[in-house]
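Read the structure below first, then the notes.
Each chain gets a letter, A, B and so on, in the order the sequences are listed, and its residues count up from 1.
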4 protein chains.
Amino acid sequence: MNDRSNSRDTRDLVFAATLAAFAERGFHGASMRDIAKRAGVVSSNVYHYSQSKSDLLVELLKKANYDHLNAVEWALSAAGTAPAERLHTAVGAYVGYIVDHPLEALVAHSELRYLGEDDRKRLVVARDRLESIFENIVDEGVRTGAFTTPHGHGATRAVLTMCSGVAQWYRSDGPLTRDEIAAQYADYALGVVGAC
Amino acid sequence: MNDRSNSRDTRDLVFAATLAAFAERGFHGASMRDIAKRAGVVSSNVYHYSQSKSDLLVELLKKANYDHLNAVEWALSAAGTAPAERLHTAVGAYVGYIVDHPLEALVAHSELRYLGEDDRKRLVVARDRLESIFENIVDEGVRTGAFTTPHGHGATRAVLTMCSGVAQWYRSDGPLTRDEIAAQYADYALGVVGAC
Amino acid sequence: MNDRSNSRDTRDLVFAATLAAFAERGFHGASMRDIAKRAGVVSSNVYHYSQSKSDLLVELLKKANYDHLNAVEWALSAAGTAPAERLHTAVGAYVGYIVDHPLEALVAHSELRYLGEDDRKRLVVARDRLESIFENIVDEGVRTGAFTTPHGHGATRAVLTMCSGVAQWYRSDGPLTRDEIAAQYADYALGVVGAC
Amino acid sequence: MNDRSNSRDTRDLVFAATLAAFAERGFHGASMRDIAKRAGVVSSNVYHYSQSKSDLLVELLKKANYDHLNAVEWALSAAGTAPAERLHTAVGAYVGYIVDHPLEALVAHSELRYLGEDDRKRLVVARDRLESIFENIVDEGVRTGAFTTPHGHGATRAVLTMCSGVAQWYRSDGPLTRDEIAAQYADYALGVVGAC
DNA sequence: CATGAATGAGAGTTCATTCAT
DNA sequence: GATGAATGAACTCTCATTCAT
């Protein structure tokens with residue numbers, strides 16, 4: 001009855017439950033019993049799949065951050081060299097990931113601060129790499145005159161903040177499709193850097 | 001010795017401590033003892049100034065939301081009628097408030113979700129009015145052709161999200177002045193709506 | 001109703017309950033709920049009187065160790081200079097304390113090991129001073145030929161171990177009085193060091 | 001590969017681990033996972049070798065108590081009839097066992113109290129027999145005038161307590177050999193009963 | 001106005017133990 | 001013989017809150 005596929009299933013259930021609980025109530029607002037109940041197990045059993053509540057968050061964020069990074073890098077690998085095109089592609093992929101994984105993006109964005117310093121430092125590596133990708137694109141655009149903003153760094157940060165906000169309102173039953181949202185935000189981003 | 005001005009001081013200390021605690025640890029992560037310790041009082045004494053932990057948050061957010069709204073309305077009352085100018089002014093005031101009150105803005109943005117439905121509904125009134133101010137400006141700009149974005153509603157939301165993000169990184173000892181930041185974000189906003 | 005004397009009473013009740021619980025079940029075997037129940041309070045209230053379970057033990061042992069030390073020093077201050085008389089007096093006082101406070105002596109002897117290193121180090125200071133008192137008496141006796149044992153150090157340890165054992169069997173309704181027991185053990189001790 | 005000798009090995013590992021764990025942390029302070037980890041197995045596997053944690057302790061104490069008893073009886077079977085010689089021999093063997101098996105002696109002495117009444121009653125049989133051996137020797141010595149103590153019963157108890165204490169400080173890398181320690185304690189014992 | 005004592009609920013976590021594989 | 005999954009009870013400790021003084 002409790003074969004290997006079943007235990008893999010339980011593990012997945014636990015992490016899915018964790019994600020839902022953290023997204024709905026926040027890290028401190030969600031209890032281990034909340035999580036266990038959502039996963040249909042007893043709370044002590046959650047500790048077979050992670051060492052602590054913090055560890056659950058770490059596991060979640062590790063995957064989310066790297067997946068987010070990979071999504072953008074993968075998209076860029078098929079893009080040309082023009083900064084405008086690259087920014088459009090990068091923002092589209094960035095927002096696309098958020099629309100595909102709104103809970104992950106929401107939790108990654110808002111609960112990271114509740115981790116201890118060590119875990120946090122290791123986790124921001126992926127996030128920092130993601131930011132530097134955008135930074136480089138914007139810098140290149142500014143250098144070549146494709147983007148007219150005099151504040152490349154600030155503009156990059158503004159773009160990423162703006163995009164991350166999608167996780168806060170996106171509902172899958174909303175009026176806009178994933179690609180429409182991605183395209184709109186890509187346009188907004190070009191506006192921010194002055195590529196119009 | 002314990003005259004009214006003294007108790008007024010304590011009251012202020014308590015709310016300042018609450019703000020700091022919620023900003024640093026979040027609503028659920030901050031305890032009443034945290035708050036009391038920061039204010040230099042005993043935790044049961046906090047209950048002389050509010051009925052509950054939730055009530056502390058409500059008081060904080062009520063003031064923050066209305067102050068934010070008022071700051072924008074006051075600035076607009078001195079602005080002309082051109083949509084671009086009005087948007088520039090509104091965004092500048094919106095960001096200006098955040099720079100002036102980063103903790104309030106941070107807490108208002110991220111902890112509202114932890115209130116009960118009734119409190120939340122009453123509080124979002126001010127926020128909704130603030131959003132509709134921007135909405136109206138953008139609509140007018142689109143109508144008159146001053147703004148070229150085909151997605152006025154989405155652009156407004158993007159602008160506000162982008163601006164709210166300032167609360168997450170602003171430090172008073174950073175390299176940019178309050179007005180420089182406000183001006184930059186006003187420019188970004190004009191870019192988003194296609195006013196360049 | 002909850003006046004100062006009452007709260008002092010509660011504090012005493014809590015520590016008396018702690019002593020009984022640790023004596024009966026050991027440090028790890030006794031739970032905070034055990035202790036609270038014996039004291040007639042709710043378990044969270046125990047934390048008003050100590051910071052942790054370990055802290056309860058520390059407080060208990062601190063008092064017990066210093067009381068034990070003081071009892072011996074006080075008795076010796078009225079004794080003469082002959083090693084045999086001094087040893088008789090010291091052992092009598094040492095055992096007398098144990099008979100008067102068997103639970104304290106039992107817990108101090110058997111639960112010290114469960115404390116963290118820092119607390120333990122600070123607590124053994126009193127115990128070490130007590131041991132060195134006996135050490136010095138025995139050394140003096142050996143030096144002057146009053147005691148014939150060739151193993152003064154080992155004999156001292158044997159004497160103290162032997163005496164500490166009283167805590168394990170003494171019952172106040174037993175056949176022997178406090179002073180009879182003390183006198184017997186004083187005699188045993190003289191036998192161990194070869195003072196007969 | 002997993003033949004009988006191998007499982008015998010595992011069994012021994014488990015009981016050795018149990019002994020070490022109980023000696024270091026006490027019965028209640030040691031967990032089944034502690035024990036299993038020390039033995040290099042998984043905790044559920046420990047239940048192949050005993051029915052419960054209490055049962056582990058029972059098995060340990062059963063063997064320790066009978067071995068201790070046998071060591072003393074065996075030594076006495078080669079001794080003469082003089083009470084002094086017999087006491088010297090008995091104490092030497094008693095302490096010799098402790099030096100040879102300090103962990104067993106320590107656990108047997110300090111953790112017996114945590115067993116249920118039934119198990120405890122069955123286990124103290126061996127201990128009581130051991131005590132009565134000493135009791136008889138001392139009684140005989142007192143009767144014949146070889147021992148001058150007027151408190152034979154108390155002296156016996158004092159001797160045994162004193163000897164049991166060896167388990168608390170003995171380290172195999174200490175300055176004294178097994179036989180030196182045994183001889184010293186035999187001398188102390190003769191001093192206690194007044195055989196000098 | 002301010003405090004310390006008190007409480008019941010619930011937090012995260014560990015426990016000994018069982019069982020199917 | 002050995003494992004990992006699972007459980008329910010219990011653990012230490014913290015929580016928000018109340019109340020008499």
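- The side-chain contact (heavy atoms from CB on, under 4.5 Å) check on A:Q51 picks up A:D55, with sequence neighbours excluded.
- The stretch residues 18-31 of chain C touches DNA chain F through C:A30, C:S31, each having a heavy atom under 4.0 angstrom from the strand.
- Residues that satisfy the ring pair (Phe, Tyr, Trp, His ring centres under 6.0 Å) test with B:F27, not counting sequence neighbours, are B:F22.
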Report, one pair per line, the protein and nucleotides 7-9 of chain F atoms (nitrogen or oxygen only) whose separation is under 3.5 Å.
{"residue": "F:dT7", "atom": "OP2", "partner": "A:V42", "partner atom": "N", "Å": "3.4"}
{"residue": "F:dG8", "atom": "N7", "partner": "A:S44", "partner atom": "OG", "Å": "3.4"}
{"residue": "F:dG8", "atom": "O6", "partner": "A:S44", "partner atom": "OG", "Å": "2.7"}

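- For A:K62, the side-chain contact (heavy atoms from CB on, under 4.5 Å) test picks out A:E59, A:Y66, A:L123, with sequence neighbours left out.
- D:R25 is linked by a side-chain contact (heavy atoms from CB on, under 4.5 Å) to D:A30, D:D34, D:R38, counting only residues two or more places apart in sequence or in another chain.
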Side-chain atoms of residues 101-110 of chain D: list all donor-acceptor pairs with protein atoms under 3.5 Å, sequence neighbours left out, distances to 0.1 Å.
{"residue": "D:H101", "atom": "ND1", "partner": "D:Y97", "partner atom": "O", "Å": "3.4"}
{"residue": "D:S110", "atom": "OG", "partner": "D:L106", "partner atom": "O", "Å": "2.8"}

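- In this structure, the ring pair (Phe, Tyr, Trp, His ring centres under 6.0 Å) partners of A:Y114, at least two apart in sequence or on a different chain, are A:H28.
- Of all nucleotides listed (F:dC13, F:dG1, E:dA2), F:dC13 comes nearest to the side chain of C:M32.
- Secondary structure note: stems in DNA chain F built from 3 or more consecutive Watson-Crick or G-U wobble pairs under 3.5 Å occupy E:2-21 with F:2-21.
- Considering only residues two or more places apart in sequence or on other chains, C:S44 meets the side-chain contact (heavy atoms from CB on, under 4.5 Å) condition with C:V42.
- Shown for residues 51-64 of chain A: residues whose heavy atoms fall under 4.0 angstrom of DNA chain E, namely A:S52, A:K53.
- Legend: residues meeting side chain to side chain donor-acceptor pair (under 3.5 Å) with C:D67, ordered by chain and number and at least two apart, are C:K63.
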